[in-house]
K.L.:
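Dropping a structure here in structure tokens format, bear with me for questions.
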Amino acid sequence: MDKSRIQELIQRAIDQMRFSYVPYSNFRVGAALLTKDGKIYTGCNIENAAYGPTNCAERTAFFKAVSEGERQFDAICIVGGPDGVLKDYTAPCGVCRQVMMEFCNPETFQIILAVSTEDYRIYTLKELLPLGFGPDNLA
Ligand code: THU
């Protein structure tokens with residue numbers, strides 16, 4: 001992926017944090033998910049008074065995309081921080097990694113963790129979820 005595409009994803013993820021609904025943690029997370037045909041679906045975290053129903057930004061992006069008929073993805077960018085201030089990389093939680101495993105090739109799907117458009121790291125899903133259990137195991 002070229003640098004301008006990466007920076008576009010980072011900026012879209014940063015912009016998305018303003019929609020985060022985070023009355024309990026104040027920790028804003030934004031995500032931007034790139035489909036194989038070049039469309040971007042964004043997501044934010046959405047918390048809940050019962051805590052358990054909270055939806056992470058990554059899953060919001062995936063569920064928006066899948067519910068619109070998308071099934072093929074190249075990359076996701078994730079940003080987050082207290083009150084939306086980006087200081088550290090925000091890595092996806094285990095549940096979100098498993099959702100990625102359902103729809104993405106772990107060898108090639110790119111996970112971009114960023115603190116700015118100039119400061120980011122890219123991992124494959126396989127690096128963040130080694131030996132993942134996915135649809136192939138049930139085939
Ligand atoms: N969160 C995400 O949205 N994505 C992650 O991968 C890590 C955690 C959210 C959930 C909750 O709203 C807040 O961050 C604090 O855990």
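All residue numbers in this chain count up from 1 along the given sequence. Here the structure is a predicted model, which is why all the values come from computation and not from measurement.
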K.L.:
Taking Ile76 as the starting point, is it possible to reach Tyr89 by hopping between hydrophobic residues whose side chains are less than 4.5 Å apart?
P.N.:
yes
K.L.:
Using every non-hydrogen atom in the two residues, find where Pro23 and Glu47 come nearest and quote the distance to one decimal.
P.N.:
N-OE1, 3.7 Å
K.L.:
Roughly how far apart are Cys56 SG and Asn45 CG, rounded to 0.5 Å?
P.N.:
7.0 Å
K.L.:
What pairs with Phe63 under ring pair (Phe, Tyr, Trp, His ring centres under 6.0 Å), at least two apart in sequence or on another chain?
P.N.:
none
K.L.:
For the backbone of Ala31 and the side chain of Thr42, can you confirm whether one donor and one acceptor N or O come within less than 3.5 Å of each other?
P.N.:
no
K.L.:
Going by heavy atoms in the side chains, are Arg5 and Leu34 under 4.5 Å from each other?
P.N.:
yes
K.L.:
With the 4.5 Å side-chain cut-off for hydrophobic clustering, are Ile14 and Ile122 part of the same group?
P.N.:
yes
K.L.:
I want to check something: taking the side chain as every heavy atom from C-beta on, are Leu129 and Met100 in contact at a cut-off of under 4.5 Å?
P.N.:
no
K.L.:
Hey, what do you get for CG (Leu128) to SG (Cys96), rounding to the nearest 0.5 Å?
P.N.:
12.0 Å
K.L.:
Answer whether the closest heavy-atom distance between the side chains of Glu58 and Val99 falls below 4.5 Å.
P.N.:
no
K.L.:
Keeping Arg28 on the side-chain end and Ser20 on the backbone end, is there a donor-acceptor pair under 3.5 Å?
P.N.:
yes
K.L.:
Report yes if the side chains of Ile46 and Thr60 come closer than 4.5 Å at any heavy-atom pair, otherwise no.
P.N.:
yes
K.L.:
Hey, does Phe62 have a side-chain heavy atom less than 4.5 Å from the side chain of Tyr41?
P.N.:
no
K.L.:
Would you please name every residue forming a side-chain contact (heavy atoms from CB on, under 4.5 Å) with Phe133, sequence neighbours left out?
P.N.:
Asn137, Leu138
K.L.:
Ignoring hydrogens and angles, tell me if any N or O in the side chain of Glu127 forms a donor-acceptor pair with the backbone of Thr124 under 3.5 Å.
P.N.:
yes
K.L.:
To the nearest 0.5 Å, what is the distance between NZ on Lys64 and SG on Cys44?
P.N.:
7.5 Å
K.L.:
So do the side chains of Val66 and Glu102 get within less than 4.5 Å of each other, counting heavy atoms only?
P.N.:
no
K.L.:
Out of curiosity, Ile40 CD1 to Arg12 CZ, how far, rounded to the nearest 0.5 Å?
P.N.:
5.0 Å
K.L.:
Rounded to the nearest 0.5 Å, how far does SG of Cys77 lie from CE of Met1?
P.N.:
9.5 Å
K.L.:
Identify each donor-acceptor pair in which a side-chain atom of residues 103-113 lies under 3.5 Å from a protein atom, sequence neighbours left out, and give them as a table.
P.N.:
| from | atom 1 | to | atom 2 | distance (Å) |
| --- | --- | --- | --- | --- |
| Asn105 | OD1 | Glu107 | N | 2.9 |
| Glu107 | OE2 | Lys126 | NZ | 3.4 |
| Gln110 | NE2 | Thr108 | O | 3.4 |

K.L.:
Under a single-linkage definition using a 4.5 Å side-chain heavy-atom cutoff for Ile, Leu, Val, Met, Phe, Trp and Tyr, are Val22 and Ile78 assigned to the same hydrophobic cluster?
P.N.:
no
K.L.:
If you apply the rule side chain to side chain contact (heavy atoms under 4.5 Å, CB included), what do you find for Arg59 with Val95, and how did you get there?
P.N.:
CA-CA 9 Å; Arg59 274 178 289 143; Val95 172; 3.7 Å; yes
K.L.:
If we ignore hydrogens and angles and just use 3.5 Å, is the side chain of Arg97 paired with the main-chain N or O of Gly132 as donor and acceptor?
P.N.:
no
K.L.:
Return the set of residues passing side-chain hydrogen bond (donor to acceptor under 3.5 Å, both in side chains) with Tyr120 (not counting sequence neighbours), or none when no residue passes.
P.N.:
none
K.L.:
Taking only residues two or more places apart in sequence, or in another chain, which ones meet Glu118 in a side-chain hydrogen bond (donor to acceptor under 3.5 Å, both in side chains)?
P.N.:
Lys3, Gln7
K.L.:
For Phe27, which residues count as a side-chain contact (heavy atoms from CB on, under 4.5 Å) partner, sequence neighbours excluded?
P.N.:
Ser25, Val29, Pro82, Thr90
K.L.:
Any non-hydrogen side-chain atom of Leu86 less than 4.5 Å from a side-chain atom of Met17?
P.N.:
yes
K.L.:
Do any N or O atoms from the side chain of Asn48 and from the backbone of Ala50 form a donor-acceptor pair under 3.5 angstrom?
P.N.:
yes
K.L.:
Check whether any side-chain heavy atom of Phe73 lies under 4.5 Å from a side-chain heavy atom of Leu33, and answer yes or no.
P.N.:
yes
K.L.:
May I have the step-by-step check of side chain to side chain contact (heavy atoms under 4.5 Å, CB included) for Thr35 and Gln72, ending in yes or no?
P.N.:
CA-CA 6 Å; Thr35 69; Gln72 298 202 300; over 6 Å; no
